[in-house]
Amino acid sequence: MDLREPVLGEPSIPHLVARLTHDARDVARAEIALAKAKASAAATRYQRAAVLFASAGVLALAALITLLVGLVFTLATLIGPGLATAAVVGVVLLVALVLALAGRARLSARPGQ
């Protein structure tokens with residue numbers, strides 16, 4: 001017997017409980033499907049944003065490299081290509097060292113400091 005068919009007369013308690021159980025199961029399935037759809041939409045949105053951020057990062061890195069090469073060429077006219085390269089690499093490594101030490105200090109610091 002289909003639980004959705006109307007029952008002639010007043011429905012019995014077992015029939016009402018069975019119908020309630022069936023409806024609760026349907027609601028649970030619908031809620032799960034809704035949660036899956038929301039998660040899928042959010043994942044798609046975050047995936048697209050991540051691709052855009054990664055592209056921006058690659059372009060920013062390319063711009064930084066171009067800037068450093070230009071700085072080497074500019075300094076090469078003043079102090080020669082070898083010393084210009086050494087100076088630019090030294091300054092960039094010094095900045096990288098300072099950033100790495102600052103990051104390590106933040107990792108070893110207690111929360112809230």
Side-chain angles (χ1 to χ4, degrees):
M1 173 169 101
D2 187 11
L3 296 176
R4 295 181 186 201
E5 289 180 10
V7 177
L8 298 177
E10 201 169 305
S12 66
I13 298 285
H15 177 76
L16 290 174
V17 170
R19 196 165 151 193
L20 177 66
T21 305
H22 188 275
D23 288 347
R25 202 174 302 142
D26 286 346
V27 168
R29 284 187 185 128
E31 286 293 329
I32 291 170
L34 177 63
K36 284 181 181 178
K38 284 182 179 180
S40 176
T44 300
R45 189 176 75 232
Y46 288 129
Q47 181 183 15
R48 289 179 182 160
V51 167
L52 292 174
F53 280 127
S55 299
V58 167
L59 290 176
L61 181 62
L64 179 63
I65 291 170
T66 303
L67 176 70
L68 293 174
V69 169
L71 185 59
V72 168
F73 283 148
T74 301
L75 287 176
T77 60
L78 301 173
I79 59 175
L83 285 177
T85 302
V88 170
V89 168
V91 170
V92 170
L93 287 177
L94 184 64
V95 169
L97 176 66
V98 169
L99 291 173
L101 291 175
R104 186 177 78 174
R106 287 207 179 204
L107 283 177
S108 63
R110 292 184 198 153
Q113 289 184 344

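FYI, side chains are in, hydrogens and waters are out, and symmetry mates aren't considered; it's all heavy atoms of this structure.
Residues meeting the side-chain contact (heavy atoms from CB on, under 4.5 Å) test with Leu101, sequence neighbours left out: Leu97, Arg104. Under the side-chain contact (heavy atoms from CB on, under 4.5 Å) criterion, Ile65 pairs with Leu61, Val69, sequence neighbours left out. For Arg25, the side-chain contact (heavy atoms from CB on, under 4.5 Å) partners at least two apart in sequence or on another chain are Thr21, Arg29.
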List the atom pairs, donor and acceptor, that lie under 3.5 Å between side-chain atoms in residues 43-55 and the rest of the protein, sequence neighbours left out.
from  : atom 1 : to    : atom 2 : distance (Å)
Thr44 : OG1    : Ser40 : O      : 3.0
Ser55 : OG     : Val51 : O      : 2.9

Mind listing the side-chain donor-acceptor pairs of residues 30-39 below 3.5 Å, one per line with the distance, residues two or more places apart or on another chain?
none

For a quick test of your reading: what N or O donor-acceptor pairs under 3.5 Å do the side chains of residues 76-91 make, sequence neighbours left out?
from  : atom 1 : to    : atom 2 : distance (Å)
Thr77 : OG1    : Thr74 : O      : 2.7
Thr85 : OG1    : Pro81 : O      : 2.9

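One finds the CG atom of Asp26 at 5.0 Å from the NE2 atom of His22 (value rounded to the nearest 0.5 Å). In this structure, CG in Leu64 is found 12.5 Å from CG in Leu59, a value given to the nearest 0.5 Å.
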